[in-house]
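All figures in this text were calculated on a predicted structure; none of them were measured in a lab. The chains referred to below are lettered A, B, ... by the order of the sequence lines, with proteins before strands, and numbering in each begins at 1.
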2 protein chains.
Amino acid sequence: MRTANVILMGLGNVGRAFVRLIQDKKEVCKESYGLDLRLSAAFKKDGGFFSDKSLDLADVLELKGNDFSRHPDWKPGLRLEDVLGCFKSGLLVECTPTDIKTGEPGLGHITAALKRKWPVAAASKGALVVNFKGLKALAQQNGAALKFSGATAAALPTLDVGLYSLAGAEITAIEGILTGTTNYILTRMEEGFSFEDALKEAQSRGIAEPDPALDIEGWDTACKILLISNAVVGTEFSLRDISLEGISGVSPTDVQKSRKEGKALKLLGRLINERGRARAEVRLIPIGPSHPLFNVSGANKAITFFTDTMGSITVSGGKSDPRATAAALLKDIINIYRN
Amino acid sequence: MRTANVILMGLGNVGRAFVRLIQDKKEVCKESYGLDLRLSAAFKKDGGFFSDKSLDLADVLELKGNDFSRHPDWKPGLRLEDVLGCFKSGLLVECTPTDIKTGEPGLGHITAALKRKWPVAAASKGALVVNFKGLKALAQQNGAALKFSGATAAALPTLDVGLYSLAGAEITAIEGILTGTTNYILTRMEEGFSFEDALKEAQSRGIAEPDPALDIEGWDTACKILLISNAVVGTEFSLRDISLEGISGVSPTDVQKSRKEGKALKLLGRLINERGRARAEVRLIPIGPSHPLFNVSGANKAITFFTDTMGSITVSGGKSDPRATAAALLKDIINIYRN
């Protein structure tokens, strides 16, 4: 049995779902994978839970809203760096909000963990998008695993398939419908909705964020294709290398015109990797029925890898809720300790 | 750099494609995975290639048909057991023809390798179908890896996704279109072909075997769902546990009736894993447009995993030719040495 002392950064929807999931899956992790996951500390912006003994997961879960102050292990103002020295070993689980400009606060957390040779599982994209190359090098120097399925379409296995299932094959291109929100809006516009009405509906159903700009302008897709391409193909893209197109300028007429021609208008994150030259882009493209992503509709996501020896492989589906993202974190953690 | 002494069993289409592939991918394996693959011996029914030095791959590849006799390293009548003692370590690649009644000759080869603590990558199904439990136990006792992506839909990553990408999730059901031949015939019957004409066309296009019984009676699908279920969910099925249905009794009227009702008639390999009770079957089932396998047509294959935390994940595509099967073997080998 191996023990992992989990240090959780972020107690929003995903962080809390993760706390709940590792409680629910405690026995499965022990019995099926020989892994004992213990929550040792959990931080949010204004403090942290920390105890000399291991934290009681149920206690943390039962706290409503932000009212942590009455919990005996809640230390207002406590930060990760205050307690780093208390752990002989740890596993950092990074779930703070994504900031694609600075990468913070995740960048600081991940850097601190890797420097201590701790493995990291990340659900937030910011740090990796801002400094992929640096974090990858730091992880290698320290022999520490750095996994981020939770940041690259979560339950949809993008990195695993690219790195593990296609090992030895040359990936000549990747195309993905990587943002559920934009695909949902485009599908509704095919059915006659205006962009605005489709967006409002997506928001009311919890599919789109209250501030949907990152999704509809293509940034979310760009971040994901950047991370997938850098991880799987070994490119060193930063966001400025990726040409970007969003869906806010699209009219129902555009979408319906494609449909009348037997095609579906899709926002694709793409990597084209030909003759040693790679480029990535986010583009609105009409695709025909023979394209493996043609039937991916609504809030669904999917990715196709085109290879030299195995043909094209498409993965589709996977839930997009906080529990599914937590499940992607858990999957990465199990695979970190299994290897 | 790690070195793997490859002992190849079987020099049919897949075995030869494998020899060619590891020659083509020699530098990729070294540079990207730190793995030096060397062909140390290669056997067919009536003899083997073996030399004190490593074999020249090009020499073996250039041999036409069965005319091995003039090759300096060809030893008529040589068998695996004659040379086992010559290798300090080895990697067995099993590509002999599949016999689902006796499991031989693969069963003997795999058993001998695992007893010597050699890892095994298999493309033939027979041994694993006949004695999955025994081989799994033998591999565990000897701490030797036993991988068989090549036997479970090859380039379509079924085992990887189930074991690696869904780690920690409970798999409540699996449904797969696992045999390209049967799916091709059903698709053509939707278009009005009789079963006999569709089969003839599949044979003339090299999709169906000259003796197609294993495919059209459902045995091929049964073998694959057996192996996937046993490997991923931990069942201990043998073939007699799987209820079987083939497609030879299907009429174009049946297929077209489903299509008129908006459904597609598909031969599915299924595992239902509910409340700790698992059962597997091969069944012809009409599935509707909301089913993830509805659009899988022609000779394509796909598999859907239904889970508790991640929703349903579908993988589709992947070539079915000998080179793609060889690529699945190479993928397994890279992952064996990477861990």
Side-chain angles (χ1 to χ4, degrees), chain A residues 17 21-22 24-25 28-29 32-33 35 37 149 154-161 163-170 234 289 292 294-297 300 302 304-321 323-335 338-339, chain B residues 17 21-22 24-25 28-29 32-33 35 37 149 154-161 163-170 234 289 292 294-297 300 302 304-321 323-335 338-339:
Chain A
L21 185 70
I22 61 172
D24 295 347
K25 294 280 186 180
V28 170
C29 286
S32 301
Y33 304 101
L35 181 61
L37 287 178
S149 293
L156 179 76
T158 56
L159 299 182
D160 296 340
V161 170
L163 286 167
Y164 193 88
S165 303
L166 303 179
E170 184 187 339
F294 179 75
N295 290 302
V296 179
S297 62
N300 289 308
T304 303
F305 295 89
F306 299 86
T307 75
D308 61 341
T309 49
M310 294 193 183
S312 70
I313 308 279
T314 300
V315 201
S316 57
K319 275 194 188 168
S320 297
D321 59 14
R323 189 168 172 86
T325 305
L329 286 165
L330 178 61
K331 175 258 300 267
D332 277 353
I333 294 167
I334 289 169
N335 288 328
R338 167 149 68 179
N339 293 343
Chain B
L21 185 70
I22 62 172
D24 295 348
K25 295 281 186 180
V28 170
C29 286
S32 302
Y33 305 101
L35 181 61
L37 286 178
S149 294
L156 179 77
T158 55
L159 298 182
D160 296 340
V161 170
L163 286 167
Y164 194 87
S165 303
L166 303 180
E170 184 188 339
F294 179 75
N295 290 301
V296 178
S297 62
N300 288 308
T304 303
F305 295 90
F306 299 86
T307 75
D308 60 342
T309 50
M310 294 194 182
S312 70
I313 309 279
T314 300
V315 201
S316 57
K319 276 192 186 169
S320 297
D321 59 14
R323 190 167 171 86
T325 305
L329 286 166
L330 178 61
K331 175 260 298 271
D332 276 353
I333 294 168
I334 290 169
N335 289 328
R338 167 149 69 182
N339 294 344

Answer yes or no: is there a side-chain heavy-atom contact under 4.5 Å between [X] and [Y]?
X	Y	result
T309(A)	L330(B)	no
K25(B)	D308(A)	yes
R338(B)	Y164(A)	yes

Pick from [options] with the largest number of heavy-atom pairs that fall under 4.5 Å of chain A:
options	result
S316(B), G317(B), G311(B)	S316(B)
D24(B), N295(B), T307(B), L35(B)	N295(B)
P289(B), A155(B), S165(B), A169(B)	S165(B)

Please look at [X] and chain B and tell me whether the side chain, the backbone, both or neither of the residue comes under 4.5 angstrom of a heavy atom of that chain.
X	value
L163(A)	backbone
L159(A)	neither
S312(A)	backbone

ask   = Given P157(A), which of I313(B), L166(B), D160(B) fulfils the side-chain contact (heavy atoms from CB on, under 4.5 Å) condition?
value = I313(B)
query = Under the 3.5 angstrom rule, does the side chain of N335(B) hit a backbone N or O of D332(B) as a donor-acceptor pair?
reply = no
